[in-house]
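What you are looking at is a predicted structure, and each value in this text was computed from that prediction instead of being measured. Numbers for residues simply follow the sequence, beginning at 1.
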Amino acid sequence: MSDDVDPFIHDDAAYVMGALGADERRAFEAHLAGCPQCAQSVAELSGLTDLLDKVPLARVLQPGADREPPPDLLLPRLIRTARAERRRRSLRLVASGAVAASLVALAVVVGVTQGRTSPPAGVSVAMTPVRPAAVTATLDVMPAAWGTKVSLDCRWVGPTTGAGSDVKKTYRLVAVPRDCGDPQVLAQWAVLPGEDAKVVGSTDLVTSGIAAIELQAVADDAVLLQSRPGSNSWS
């Protein structure tokens with residue numbers, strides 16, 4: 001048994017909740033491409049943000065107060081909650097009350113969500129080819145209170161035999177801001193020819209602030225597939 005410890009083992013929950021800094025997020029996304037365990041953990045925790053989006057935690061901690069940023073001690077509590085859920089391999093424990101922090105939040109969901117406008121439902125669209133590619137993809141774009149969450153179903157449609165069939169292909173999903181800011185990497189992964197992939201990612205950009213979402217080949221930064229609001233009907 002190896003004594004090596006994965007330095008990213010505790011970053012999955014913080015990544016899913018958008019709590020990592022830009023440099024930390026890029027490092028973790030690069031790590032995901034070669035770590036099935038962390039990739040599985042991110043996939044398992046991806047639904048947690050949807051649940052927490054429904055609960056104004058500032059009201060739970062300070063009833064009657066105006067909406068304010070939650071105290072610093074809240075993030076470690078949420079990360080501990082997410083860690084417990086991952087170990088049990090089920091987000092159902094959030095609803096059942098096995099995790100104390102989530103139990104408090106869930107107890108007030110019914111009361112505090114009345115009269116609150118829910119974010120628009122997500123949409124699923126097929127990404128448009130920009131150039132010939134070995135993959136196709138269906139993109140789910142889901143607005144959230146903190147920005148935008150995306151999930152991608154990437155299907156391999158190219159050849160699976162011949163030269164290079166044993167070499168992994170690495171792709172990234174990138175959000176291009178409308179304000180001409182720096183593109184944001186939402187996810188990065190690697191597959192062998194013939195393999196499909198399901199990936200999730202997030203950004204603090206609101207959906208209306210995204211000009212395009214691109215699937216790029218990491219080897220040469222080529223844009224292979226693209227989705228734009230309007231033309232792809234996700235905004």
Side-chain angles (χ1 to χ4, degrees), residues 2-53 70 72-89 91 94 99 101-102 135 137 139-154 168-177 181-192 195-207 209-210 213-219 221 224:
S2 172
D3 293 332
D4 293 340
V5 177
D6 185 348
F8 296 93
I9 193 170
H10 297 300
D11 289 348
D12 49 1
Y15 174 74
V16 170
M17 290 185 288
L20 296 178
D23 292 340
E24 292 173 320
R25 185 182 70 247
R26 285 191 289 269
F28 185 71
E29 288 169 346
H31 171 73
L32 282 179
C35 182
Q37 181 178 356
C38 287
Q40 182 179 358
S41 296
V42 168
E44 291 171 351
L45 294 174
S46 61
L48 181 61
T49 55
D50 291 337
L51 179 63
L52 295 179
D53 284 341
D72 293 340
L73 56 83
L74 181 59
L75 179 58
R77 184 184 305 171
L78 294 179
I79 292 177
R80 286 196 300 272
T81 297
R83 190 73 56 194
E85 291 169 347
R86 188 194 69 178
R87 287 196 298 267
R88 291 166 177 80
R89 302 295 183 185
L91 292 176
V94 178
V99 183
S102 292
V135 293
L139 180 69
D140 287 335
V141 181
M142 291 155 282
W146 41 262
T148 303
K149 177 183 174 182
V150 300
S151 62
L152 186 77
D153 186 358
C154 186
K168 283 189 173 183
K169 311 297 182 183
T170 304
Y171 301 100
R172 69 168 69 97
L173 196 64
V174 176
V176 180
D182 294 333
Q184 295 188 15
V185 176
L186 305 178
Q188 183 166 312
W189 67 100
V191 294
L192 286 170
E195 294 180 340
D196 299 332
K198 293 182 182 294
V199 297
V200 296
S202 61
T203 173
D204 59 354
L205 295 171
V206 296
T207 306
I210 301 175
I213 296 178
E214 300 175 344
L215 189 151
Q216 302 176 354
V218 172
D221 296 326
L224 305 179

> Does a side-chain heavy-atom distance below 4.5 Å link Val191 with Val135?
Replying inline: no
> Can you find a heavy atom in the side chain of Gln37 that is under 4.5 Å from one in the side chain of Asp6?
Replying inline: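 They are not in contact (no side-chain heavy atoms under 4.5 Å apart), so the answer is no.
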So, taking the atom named [atom1] in [X] and the one named [atom2] in [Y], what distance separates them when rounded to the nearest 0.5 Å?
X      : Y      : atom1 : atom2 : value
Arg26  : Gln184 : CZ    : CD    : 9.5 Å
His31  : Glu24  : NE2   : CD    : 14.0 Å
Glu195 : Cys154 : CD    : SG    : 11.0 Å
Glu214 : Leu186 : CD    : CG    : 10.5 Å
Leu192 : Lys169 : CG    : NZ    : 9.5 Å
Asp153 : Asp140 : CG    : CG    : 8.5 Å

Minimum heavy-atom distance [X]-[Y], with the two atoms named:
X      : Y      : value
Ala175 : Pro177 : O-CD, 3.6 Å
Thr203 : Trp146 : O-CZ3, 3.5 Å
Lys168 : Ala190 : CD-CB, 4.1 Å
Ala187 : Val200 : CB-O, 3.7 Å
Trp189 : Leu173 : CZ3-N, 3.8 Å

> In terms of the angle between their ring planes, are Phe28 and Phe8 parallel, tilted or perpendicular, with boundaries placed at 30° and 60°?
Replying inline: tilted
>> More than 12 heavy atoms of other residues, nucleotides or ligands under 6.0 Å from CG of Asp221: yes or no?
In response: yes
> Between Val141, Val174, Leu152, which is the residue that forms a side chain to side chain contact (heavy atoms under 4.5 Å, CB included) with Ile213?
Replying inline: Val141
> Any donor and acceptor pair, going by atom type alone, linking the side chain of Thr207 with main-chain N or O of Thr148 inside 3.5 Å?
Replying inline: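 Here the side-chain-to-backbone pair does not exist.
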